[in-house]
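Beneath this line is the structure, given in C-alpha cells, with notes to follow.
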Amino acid sequence: MHRKGGSGTPRVVLSLVMVLAFAMTLVVTGPAHAKITLKDKVGDKEIKVKIYGFSQFELRGGDGQSSGGGIFFKAQRVRVGFNYFHGPLAGKLFLDFNQSHTKDDAGLPKMIKDAFVAYKFSNSAFIRLGMIKTPLHMSFTNPGWNLDIAERNSLDKGLALERDFGLMLSGRLIGQPEDKKMKCNGLEMGRERRGYGFGYDIGIFNPAGRSKVVKWNKSVIGDALAYVGRLHYDHGRPLHMEIAYGTSQKAGGPNTEDYSVWSAGIITSHPMWEGSLEYTSGHNLLGVRDWDQKTFALMFGYMVGQNVEAVVKHYHSSADSPTAGSSDLSNTYLGINWYLVPLRYKARDFQRHKLVFNYILASGDTTSWTGKGGYKDDGWIIQWQYKF
C-alpha cells in the first residue's frame, strides 16, 4: 500500500480554512422558487410545459484536484430543462451549457443531457425513445442536484453506462397499497419518485459512447448495441433497493470485447439521517479482455441542525489489469451540506439551495492505480448550488 504525500498538504488545509471563512461571509440568498409551469388547453386536453434548472459553482484545491494544488474556480453543471405533458404523451429536453456543443458521443451533442419522448400507458408501463439515462447504477440515476456530496466519484460512476440513445420500457408503483394511489408521469429515470411497490426498466441503446469505459466509435454503429435492465423495490422513503445489469458490445471498437457491468444498491432514510450502500462491478473495461474493476460506496448523513447535515461517504475500488496487475484505491469524503432557505422541510425541496463543503482523502495504491477514475491525492471542494 502506498500513500502519496508532500509539503502541499499544510498549504491545502490553510487555503481551505481561508476560503471557508470567506464563503461564510457571502451567504446572501433570495427566496427559493419552484419550477415554472405554463399551461394551455387544446380541445379537452391540457398542455403543460415545466421550465426548471440548476447551477453548481465551485472552488477547488489540493494536490488531488490540480498539479499545482492551489485554488481554482469552475462550474460543474449549468443546466436548464423543459418537460412537456399532453395527456399520456410527455417529453423532456435537458441541456447543460457546461458541456461540449460538438462532441456527439452516443448520438447527440454532449450538451444535450436528455432528449426523449414518452408515452404512458399506465404506472406499470410507459415507453420512451431518445437520449436518456441508462437504468443502471443507483447514484448515477439520482438527479445531479440531489446528491449527498458535491459530485459523483468516477470510481463507481465511471463504470456506469451513462446516458445513451435508445428505446426503453419502464414501470413503477407495481403492487403499491390501494390507499397510497401514487402516480408517475412517465419521465422517471431513477429513485426520484420514492413510492411503494416494484419497478422495472428494460432498454436497448446505441453503444454506450458517453461511458468512461466504452469508446465511442461510429464504425460499429449498426453492428453493436447496448442492453440494460433494472429491477427495484420501494417502501416509501424508508427503503429503496435495486439491482441492474448491462452490456455494451465492442466496447473498444471493432474486434474488441463487450463491456458488461452489474450494480446493486440500497438506501434507507429517516428525517434525521440517511444511509446507502452500493456495489458496482465492471468487466472488460474499454473492450480490453479481463480488465476488471469493482467498487463499493458507503454513505451516512446526519442532520446536526435544522439546515445542516454532516456526511461521510467512502469509496473503495479494486482493479485487475491483464498488463499492469492488481491494485486498490479508496476515496473518503468528509462533508457538510448547508441548506439555504428551503421551500419546505421535505427531502427534494430541501436540496434546492445549498452550500456543500467536501474534503477528500485518498488512500491505497495511489502511485500504482491500475483502474479507472478516482483521486490519487487529497483535495477539497466548496460548491454553491441554486435550483429553480
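Of the possible donor and acceptor atoms, one in the side chain of Thr268 sits under 3.5 Å from a partner among the backbone N and O of Pro238. At distances below 3.5 Å, at least one donor-acceptor pair connects side-chain atoms of Glu188 with backbone N or O atoms of Gly186. At least one donor-acceptor pair closer than 3.5 Å links the side chain of Ser269 to the backbone N or O of Arg237. In this structure a side-chain-to-backbone donor-acceptor pair under 3.5 Å is present from Asn284 to Asp290. Between the side chain of Gln56 and the backbone N or O of Trp384 there is no donor-acceptor pair closer than 3.5 Å. The backbone N or O of Cys184 lies less than 3.5 Å from a partner atom in the side chain of Lys120, making a donor-acceptor pair. Within the 3.5 Å criterion, the main-chain N or O of Ala208 finds a donor-acceptor partner in the side chain of Ser248. Checked by atom type and distance alone, the side chain of Asn153 never pairs as donor or acceptor with a backbone atom of Lys157 at under 3.5 Å. Between the Asn358 side chain and the Ile149 main chain, no donor and acceptor come within less than 3.5 Å of each other. The backbone N or O of Ala362 lies less than 3.5 Å from a partner atom in the side chain of Asp378, making a donor-acceptor pair.
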Could you go through the salt bridge (charged side-chain N to carboxylate O under 4.0 Å, His left out) check for Arg289 and Glu257 one step at a time? CA-CA 6 Å; Arg289 182 187 292 271; Glu257 300 294 321; 2.8 Å; yes

Test log, rule side-chain hydrogen bond (donor to acceptor under 3.5 Å, both in side chains), inputs Glu242 and Tyr233: CA-CA 6 Å; Glu242 64 180 62; Tyr233 175 77; over 6 Å; no

Just do the ring-ring contact (aromatic ring centres under 6.0 Å, His included) check on Tyr279 and Trp262 with the steps written out, would you? CA-CA 8 Å; Tyr279 175 75; Trp262 73 274; 5.3 Å; yes

Set out, in order, the CA-CA distance, both residues' side-chain angles and the distance that settles side chain to side chain contact (heavy atoms under 4.5 Å, CB included) for Leu147 and Asn142, then state yes or no. CA-CA 7 Å; Leu147 304 180; Asn142 193 39; 4.1 Å; yes

Please report the C-alpha distance between Leu136 and Arg230 in whole Å, then the side-chain angles of each, then the deciding distance to 0.1 Å, and finally whether the side chain to side chain contact (heavy atoms under 4.5 Å, CB included) criterion is met. CA-CA 7 Å; Leu136 186 145; Arg230 172 176 59 187; over 6 Å; no

Derivation of the salt bridge (charged side-chain N to carboxylate O under 4.0 Å, His left out) call for Arg172 and Asp201: CA-CA 9 Å; Arg172 300 288 189 275; Asp201 303 274; 3.2 Å; yes

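Looking only at atom types and distance, the side chain of Ser317 has a donor-acceptor partner in the side chain of Thr295 under 3.5 Å away.
Between Ile127 and Phe121 the shortest side-chain heavy-atom distance falls below 4.5 Å. Residues Ile381 and Val356 are not in side-chain contact: their nearest non-hydrogen atoms beyond the backbone lie 4.5 Å or more apart. With contacts defined as side-chain heavy-atom distances shorter than 4.5 Å, the pair Trp380/Ile382 qualifies. Proximity of Tyr375 to Trp369: side-chain heavy atoms (C-beta onward) are nowhere separated by under 4.5 Å. Side-chain atoms of Arg163 and Thr134, non-hydrogen and from C-beta on, never get closer than 4.5 Å to each other. With contacts defined as side-chain heavy-atom distances shorter than 4.5 Å, the pair His101/Lys110 does not qualify. Between Arg352 and Phe54 there is no side-chain heavy-atom pair separated by less than 4.5 Å. For the pair Tyr200/Leu169, a side-chain contact is recorded, criterion being any heavy-atom separation below 4.5 Å from C-beta on.
Under the 4.0 Å criterion applied to side-chain N and carboxylate O atoms, Arg191 and Asp234 are not assigned as salt-bridge partners. A salt bridge does not link Lys41 to Glu46: none of the charged nitrogens lies less than 4.0 Å from a carboxylate oxygen. Contact check on Lys133 versus Asp164 returns no salt bridge, with no Lys/Arg side-chain nitrogen under 4.0 Å from an Asp/Glu carboxylate oxygen.
Annotation: the span from His240 atom NE2 to His232 atom NE2 amounts to 6.0 Å, rounded to 0.5 Å. Atom CD1 of residue Ile71 and atom OG of residue Ser66 lie 10.0 Å apart, to the nearest 0.5 angstrom. Taken to the nearest 0.5 Å, the CG atom of Asn337 stands 11.5 Å off from the CG atom of Asn307. How far CD1 of Ile112 is from OG of Ser100: 11.0 Å, rounded to the nearest 0.5 Å. With rounding to the nearest 0.5 angstrom, the CG atom of Leu93 is 9.5 Å from the CG atom of Asn83. Here the straight-line distance linking atom OG1 of Thr280 with atom CD of Glu278 works out to 4.5 Å at 0.5 Å rounding.
The shortest heavy-atom contact between Asp292 and His283 is OD1-ND1, 2.6 Å. The shortest non-hydrogen separation linking Lys212 to Leu286 is O-CD2, 3.7 Å. Closest of all the heavy-atom pairs between Val220 and Gly253 is CG1-C, 3.9 Å. Taking both residues in full, the closest heavy atoms of Ala251 and Gly287 are given as CB-N, 3.6 Å, listed atom of the first, atom of the second, then distance. In plain terms, the two heavy atoms of Ser326 and Thr370 that are nearest each other are C-OG1, 4.0 Å. When all heavy atoms of Ser368 and Ser327 are compared, the closest pair comes out as O-CB, 3.5 Å.
Residues Met303 and Trp273 share a single hydrophobic cluster, defined by chaining ILVMFWY side chains whose heavy atoms lie under 4.5 Å apart. Put simply, Phe165 and Val117 are part of the same group of oily side chains (I, L, V, M, F, W, Y) that touch within less than 4.5 Å, one to the next. Residue Met182 is not grouped with residue Phe198 when hydrophobic side chains (ILVMFWY) are merged at heavy-atom distances under 4.5 angstrom, including chains of intermediate members. The hydrophobic clustering, which links ILVMFWY residues whose side-chain heavy atoms are closer than 4.5 Å, places Ile221 and Tyr259 apart. Put simply, Phe126 and Phe205 are part of two different groups of oily side chains (I, L, V, M, F, W, Y) that touch within less than 4.5 Å, one to the next.
In the displayed structure, Lys215 atom NZ is contacted under 6.0 Å by at most 12 heavy atoms of other residues, nucleotides or ligands. Atom OH of Tyr302 is surrounded by 12 or fewer heavy atoms from other residues, nucleotides or ligands within 6.0 Å. Within a 6.0 Å radius of NZ in Lys74, other residues, nucleotides and ligands contribute more than 12 heavy atoms.
For the salt bridge (Lys or Arg N to Asp or Glu O under 4.0 Å) criterion with Asp114, the lone passing option out of Lys92, Arg210, Arg128 is Lys92. Partner of Tyr333 under the side chain to side chain donor-acceptor pair (under 3.5 Å) criterion, out of Lys313, Glu151, His314: Glu151 alone. Shown are Ile360, Leu155, Leu298, Leu329; of these, the side-chain contact (heavy atoms from CB on, under 4.5 Å) with Tyr315 is made only by Leu155.
Taking the six-membered ring for Trp and thresholds of 30 and 60 degrees, Tyr84 and His86 have ring planes more than 60 degrees apart, a perpendicular arrangement.
Relative to the six-membered ring of Tyr196, Lys180 meets both conditions, a distance below 6.0 Å and an angle of at most 45° to the axis.
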